[in-house]
Amino acid sequence: MHWRSERIWIELITGSRKASNFFWAGILFLGSMGFLLVGTSSYLGRNLISLFPSQEIPFFSQGIVMSFYGVAGLFISCYLCCTILWNVGSGYDNFERTKGMVQIFRWGFPGRNRRIFLRFLRRDIQCIRIEVNEGIYPRRALYMEIRGHGAVPLTRTDENLTPREMEQRAAELAHFLRVPIEEEYFGNELKN
C-alpha cells in the first residue's frame, strides 16, 4: 500500500503475514505431526494412525528417522508461526521532501534490535539503484545508495516485479527524491 502527495511518500511494507507463509506453516505442522505419530506408533507397537499399521514399520531405522523428521518439521513450523506472529519484515518507508528526511522502519525478531529504524537526510542519498541478476534464479531488487552507509534495500527478497514495474517504481521514487538512477546487471554482461 502506498500513500503519496506532493511533499510526502509513505510506502507500507508487508512482512511475514502472507497467505503463502500461513499455508506452508499449516502444511509443515500437519506433515510433521503425521511423521511423529507414525514414529511414536512404531515405538509403542500400537496403531495411533489407522493408515499405517505399526507392525509394518520397525522402530530401529524407519521409526527413528520418521520421528526425527517429525520433530524437525515441528521446529520449522514453529519458526514460521513465530515469524508470522511477530510479523517480521513489516514496516514502512517514509520520504518527506519538505523536511528533507527519509525514514525506514522494519520489525525484526524479538530482542534488543527488534525495531530497525533508519533515518537519513535526503541530501545524503546518492542514487536509486536497480540491481538485476539474470540466470537460473533471476532476481530484481531496488536499493537506495546512502553516502557513508552503503546500499539500503527497498524491496523484499520475495517480491518479483517485472522489469517494467521495477523501472517505473525506481523512476517515480528518483523523480520524487530528485536523485539519479543507476542500473546494474549481473549475468551475461555488466552494464552501468
Side-chain angles (χ1 to χ4, degrees), residues 1-26 79-192:
M1 185 171 134
H2 309 290
W3 185 80
R4 185 174 164 186
S5 72
E6 288 290 319
R7 301 169 310 190
I8 297 174
W9 176 322
I10 298 174
E11 192 170 329
L12 297 177
I13 308 296
T14 57
S16 299
R17 291 183 185 161
K18 297 181 297 189
S20 62
N21 284 350
F22 282 102
F23 173 77
W24 286 115
Y79 169 78
L80 273 175
C81 289
C82 288
T83 59
I84 291 168
L85 178 71
W86 297 321
N87 203 9
V88 174
S90 66
Y92 64 87
D93 297 337
N94 183 8
F95 307 99
E96 295 186 33
R97 189 184 288 172
T98 55
K99 291 182 182 177
M101 294 293 297
V102 174
Q103 299 171 358
I104 296 174
F105 177 79
R106 300 287 187 276
W107 286 108
F109 287 99
R112 193 170 45 139
N113 297 324
R114 169 113 164 97
R115 295 178 184 195
I116 302 165
F117 186 71
L118 305 173
R119 183 180 289 179
F120 305 106
L121 293 174
R122 195 181 72 165
R123 67 175 179 255
D124 290 337
I125 301 172
Q126 294 177 324
C127 67
I128 300 296
R129 187 178 64 176
I130 302 172
E131 190 174 286
V132 179
N133 279 332
E134 298 295 338
I136 296 173
Y137 301 107
R139 189 174 90 86
R140 293 172 198 88
L142 191 62
Y143 293 93
M144 185 170 47
E145 286 284 335
I146 307 294
R147 187 174 297 120
H149 292 283
V152 175
L154 296 175
T155 55
R156 296 189 327 254
T157 56
D158 64 342
E159 192 173 8
N160 288 329
L161 298 174
T162 64
R164 181 181 205 111
E165 291 171 337
M166 181 67 73
E167 289 174 359
Q168 182 179 358
R169 187 170 170 188
E172 288 175 358
L173 185 58
H175 177 71
F176 183 80
L177 295 172
R178 296 185 178 123
V179 295
I181 298 176
E182 289 183 5
E183 295 186 49
E184 286 189 19
Y185 291 91
F186 297 101
N188 297 339
E189 58 186 57
L190 180 65
K191 299 178 185 175
N192 239 355

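In what follows, residues are counted from 1 in the order of the sequence shown.
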Pair E183-V132, side-chain contact (heavy atoms from CB on, under 4.5 Å): steps then yes or no | CA-CA 8 Å; E183 295 186 49; V132 179; 5.8 Å; no
Criterion side-chain contact (heavy atoms from CB on, under 4.5 Å) on M144 and L173, from CA distance to verdict | CA-CA 10 Å; M144 185 170 47; L173 185 58; 5.7 Å; no
Run the numbers on R122 and R178 for side-chain contact (heavy atoms from CB on, under 4.5 Å), then give the verdict.
-> CA-CA 9 Å; R122 195 181 72 165; R178 296 185 178 123; 4.3 Å; yes
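Other residues, nucleotides and ligands place more than 12 heavy atoms under 6.0 Å from the CZ atom of R147. The environment of NZ in K18 is crowded: more than 12 heavy-atom neighbours from other residues, nucleotides or ligands sit within 6.0 Å. The environment of Y92 atom OH is dense: over 12 non-hydrogen atoms of other residues, nucleotides or ligands sit within 6.0 angstrom.
Note that the CG atom of N94 and the CD1 atom of I10 stand 4.5 Å from one another [nearest 0.5 Å]. Taking CE of M166 as the start and CZ of R169 as the end, the distance is 7.0 Å to the nearest 0.5 Å. A distance of 8.5 Å separates CZ of R106 from CG of L118, quoted to the nearest 0.5 Å. Note: E96 CD to W9 CH2 = 14.5 Å, rounded to the nearest 0.5 Å. Within the model, atoms CG of N21 and OG1 of T14 stand 10.0 Å from one another, a figure rounded to the nearest 0.5 Å. Taken from CD in E6 to CZ in R97, the straight-line distance is 6.5 Å, to the nearest 0.5 Å.
Between I128 and A170, the shortest heavy-atom contact is CG2-CB, 4.1 Å. Of all non-hydrogen atoms in I125 and V179, the two that sit nearest each other are O-CG1, 3.7 Å. S5 approaches F176 most closely through the heavy-atom pair O-CE1, 3.7 Å. A pairwise comparison of heavy atoms in A174 and I181 identifies CB-CG1, 3.4 Å as the closest pair.
R119 places no side-chain N or O within donor-acceptor distance of the main-chain N or O of V102, the cut-off being under 3.5 Å. A donor-acceptor pair under 3.5 Å links the side-chain atoms of S16 to the main chain of V88, judged by distance alone.
Between M101 and L121 the shortest side-chain heavy-atom distance falls below 4.5 Å. Proximity of Y143 to E184: side-chain heavy atoms (C-beta onward) are nowhere separated by under 4.5 Å. Looking at R140 and P163, their side chains come closer than 4.5 Å, going by heavy atoms from C-beta outward. Side chains of E131 and R139 form a contact here, defined as non-hydrogen atoms less than 4.5 Å apart.
Geometrically, R115 does not engage F105 in a cation-pi contact, judged by NZ or CZ lying under 6.0 Å from the ring centre and within 45° of the ring axis.
Aromatic ring centroids of W107 and F109 lie 6.0 Å or more apart.
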